[in-house]
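These numbers come from the heavy atoms of this one structure, side chains and all, not from hydrogens, waters or symmetry mates. Residues take their numbers from the sequence shown, with the count starting at 1.
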Amino acid sequence: MKLAAERRASLRLPIETFLLFAFEDERSPAGRWAPPAAALEKSYAEAARNEDFKGKEKSVLVFYPADGRPALRVVVVGLGKRPKFDGEKLRRAAGQAANRIKSLRGGDVTVVPPDESGRNVSLADQAQAVTEGVLLALYEFTKYKSKLNGAVHRIDRLRFVAESPAEAQAMEKSAERGRIFAEATCLARNLVNEPPSVCTPRFLAAEAARAVRGERSMSIRVFDETQAKRLGMGGLLGVSAGSAEPPRFVHLSYRAAGAKKTVAIIGKGITFDSGGLCLKPADGMLNMKNDMSGAACVIGIFRALRELKPRIHVHGVFAATENMPGGSAYKTRDVLRAMNGKTMEIVNTDAEGRLVLSDALSYASKLKPDIAVDVATLTGACVVALGPEVSGVFGTDQDLVNGLIASGRAAGEKIWQLPLVEDYWDMIKSDVA
């Protein structure tokens, strides 16, 4: 999808599809060029009245101006109350618009940012939010479809209306940033959506190599089971023992000239989790191909780093294996030794994530990063505590935790801090390990 920003005066009329946004109970769509003419104002008022459109969240209005000007088609999406407007509401509204426009075959779309003052969200950030919303909404995983559900329509071009050359440049740059973020997210989605018989540890390692291939600032090291044993990765090797698929340990690196800080991103890479000998019930096992989402996130981040090129060093680390109940599987009351020498007594083989992460975190700590962030689908207990829409975060660096929460808020990802209470340490002590 092509991205552009143009000054209002240079736009060629008629526009194919005009995308506007409306705040609840306001008489006109929002934005400095919405609507741009009395005729369009009249058409909007009539269409809104006929469809009982009032700008509420999740509502969409489509109408066709009688004279075809300034657009052949106008799509207006509700944003709800103006005081509650933020980037996530705009991102979601843009996604709703994309799904509607796709069904209408509106391939060339011109967008007016809704918050004309940029008071709540800067105009540049609005361009990024709209781009992310559109691209994420258009995502489909069709690789294994024998027959597509209807014709595939695309949005070929997304154009933002600006008032000045400087504003157009800023919006176009932010829209490109939104594209990078969305494409990295879609790469991670593709990996998660692959069947577990395809997305094995070796496949995941190969995809990581693909993400950095040809980029001089990036490198990758992949450790097989023999090398993992040499490094003392007892957590990873213990979990992998019951699977016919060999494990892989992956270390991605991005190095930037002049960087003064180093960040490590660590991901959980269980490509299928049966629960091991503590076998999950069938329903609980259904989506356990998703248990490598943390590793997919690491790969997606490195896909984005290729274009973002921040001035920091970044290490991406993940341990990939299946957790299966084969004849050689690890057992309850076994004792495994992590890479850092710590021993761990097994109480439940379905708590495998913390075992592979013990090796991944141990390895990452040897790289001496300034910041380490571990991303994992670690436990269903977090879903019980916070529900399906909120991620939990534990941390020993409160400034970092606050930064992650704030970044999540800006990106539309809800994060809630959970406690690390010293009194709980006694609950994880073993008599034998």
S.K.: Per the side-chain contact (heavy atoms from CB on, under 4.5 Å) rule, which among Val130, Val121, Asp125 passes with Leu90?
M.R.: Val130
S.K.: Has Lys84 got more than 12 heavy atoms of other residues, nucleotides or ligands less than 6.0 Å from its NZ?
M.R.: no
S.K.: Does the distance from a Lys or Arg side-chain N to an Asp or Glu carboxylate O, for Lys54 and Glu24, drop under 4.0 Å?
M.R.: no
S.K.: Regarding Ser217 and Glu215, do their side chains bring together a donor and an acceptor under 3.5 Å, going by distance alone?
M.R.: yes
S.K.: Identify the two heavy atoms, one from Phe302 and one from Val212, that lie closest to each other, and give their separation to 0.1 Å.
M.R.: CD2-CG1, 4.1 Å
S.K.: Answer yes or no: are there more than 12 heavy-atom neighbours, outside Gln169 itself, under 6.0 Å from its atom CD?
M.R.: no
S.K.: Please check: side-chain N/O of Tyr254 versus main-chain N/O of Ile312, any donor-acceptor pairing under 3.5 Å?
M.R.: no
S.K.: Just wondering, more than 12 heavy atoms not from Lys309 lying within 6.0 Å of its NZ?
M.R.: yes
S.K.: Side chain to side chain contact (heavy atoms under 4.5 Å, CB included), that's the test. Do Val250 and Val317 meet it? Break it down for me.
M.R.: CA-CA 6 Å; Val250 177; Val317 175; over 6 Å; no
S.K.: Donor-acceptor check, side chain of Glu225 to backbone of Pro246, threshold 3.5 angstrom: yes or no?
M.R.: no
S.K.: Does the Asp115 side chain pair with the main chain of Asn120, one donor and one acceptor, at a distance under 3.5 Å?
M.R.: yes
S.K.: Can you name the closest pair of heavy atoms from Gly269 and Ala295 and give their distance?
M.R.: CA-CB, 3.8 Å
S.K.: May I ask you to decide whether Glu163 forms a salt bridge with Arg7, counting only side-chain N to carboxylate O separations under 4.0 Å?
M.R.: no
S.K.: Do Asp224 and Arg248 meet the salt-bridge criterion of a basic N to acidic O distance under 4.0 Å?
M.R.: no
S.K.: Taking Lys89's backbone N and O only, do any of them form a donor-acceptor pair with Glu57's side chain (distance below 3.5 Å, no angle check)?
M.R.: no
S.K.: Any sub-3.5 Å donor-acceptor pair from His315's side-chain atoms to Ile265's backbone N or O?
M.R.: no
S.K.: Strictly below 4.0 Å, N to O, side chains only: are Asp108 and Arg159 in salt-bridge contact?
M.R.: yes
S.K.: Does CD belonging to Glu422 count more than 12 external heavy atoms closer than 6.0 Å?
M.R.: no
S.K.: Does this structure show an ion pair linking Arg303 with Glu307, if we count only N-O contacts that are shorter than 4.0 Å?
M.R.: yes
S.K.: Pairing donors with acceptors under 3.5 angstrom, does anything connect the side chains of Gln128 and Ser174?
M.R.: no
S.K.: Would you say the side-chain atoms of Thr321 pair up with the backbone N or O of Leu236, donor to acceptor, closer than 3.5 Å?
M.R.: no
S.K.: Do NZ/NE/NH1/NH2 and the carboxylate oxygens of Lys289 and Asp273 come within less than 4.0 Å?
M.R.: no
S.K.: Ring of Phe18, cation from Arg73 - is the NZ or CZ under 6.0 Å from the centre and inside 45° of the axis?
M.R.: no
S.K.: State the SG-CG distance between Cys186 and Leu191, to the nearest 0.5 angstrom.
M.R.: 11.5 Å
S.K.: Would you name the heavy atoms of Gly87 and Ala129 that are closest together and state the gap between them?
M.R.: O-CB, 3.7 Å
S.K.: Looking only at atom types and distance, does a side-chain atom of Ser274 sit under 3.5 Å from a main-chain N or O of Asn323, one as donor and one as acceptor?
M.R.: yes
S.K.: Shortest non-hydrogen contact from Ala205 to Ile220?
M.R.: O-CD1, 4.1 Å
S.K.: Please walk me through it: do Asp156 and Lys2 pass salt bridge (charged side-chain N to carboxylate O under 4.0 Å, His left out)?
M.R.: CA-CA 6 Å; Asp156 300 311; Lys2 294 182 179 179; over 6 Å; no
S.K.: Please lay out, stage by stage, how Ile266 and Leu357 fare under the test side chain to side chain contact (heavy atoms under 4.5 Å, CB included).
M.R.: CA-CA 8 Å; Ile266 301 99; Leu357 285 168; 4.0 Å; yes
S.K.: One thing to verify: whether Arg179 and Glu132 come together as a salt bridge, which I'm taking to mean a side-chain N less than 4.0 angstrom from a carboxylate O.
M.R.: no
S.K.: Can you find a side-chain donor-acceptor pair between Glu352 and Tyr330 that sits under 3.5 Å?
M.R.: no
S.K.: When you measure from the side chain of Thr131 to the backbone of Ala127, do you find a donor-acceptor pair of N or O atoms at a distance under 3.5 Å?
M.R.: yes
S.K.: Would you say Glu194 and Asn190 are linked by a side-chain donor-acceptor pair, where the criterion is simply a distance under 3.5 Å?
M.R.: no
S.K.: Write down the atom of Met339, the atom of Leu231, and the distance for their closest heavy-atom approach.
M.R.: CG-O, 3.4 Å
S.K.: Find the distance between CG (Leu400) and CG (Asp370) and round it off to the nearest 0.5 Å.
M.R.: 11.0 Å
S.K.: Could you tell me how the ring of Tyr363 sits relative to the ring of His251: parallel (under 30°), tilted (30 to 60°) or perpendicular (over 60°)?
M.R.: perpendicular
S.K.: I would like to know whether Arg177 and Leu308 meet side chain to side chain contact (heavy atoms under 4.5 Å, CB included); could you show each step before the answer?
M.R.: CA-CA 8 Å; Arg177 187 179 180 89; Leu308 292 173; 3.9 Å; yes
S.K.: Please find the pair of heavy atoms, one from Ser430 and one from Ala433, that lie closest to each other, and give the distance.
M.R.: OG-N, 3.1 Å
S.K.: Would you please test Leu158 and Val134 for side chain to side chain contact (heavy atoms under 4.5 Å, CB included) and show each step?
M.R.: CA-CA 9 Å; Leu158 200 61; Val134 168; 4.3 Å; yes
S.K.: With a sphere of 6.0 Å drawn around NZ of Lys173, does it hold more than 12 non-hydrogen atoms of other residues, nucleotides or ligands?
M.R.: no
S.K.: Using modelled atom types and a 3.5 Å cut-off, is there a donor and acceptor pairing between side-chain atoms of Thr349 and backbone atoms of Cys278?
M.R.: yes
S.K.: Please confirm whether Phe23 and Phe85 have ring centers closer than 6.0 angstrom.
M.R.: yes
S.K.: So, taking the atom named CD in Glu183 and the one named CG in Leu187, what distance separates them when rounded to the nearest 0.5 Å?
M.R.: 9.5 Å
S.K.: Are more than 12 heavy atoms, taken from residues, nucleotides or ligands other than Tyr424, located less than 6.0 Å from that residue's OH atom?
M.R.: no
S.K.: Donor-acceptor pair, Arg189 side chain versus Leu136 backbone, under 3.5 Å?
M.R.: yes
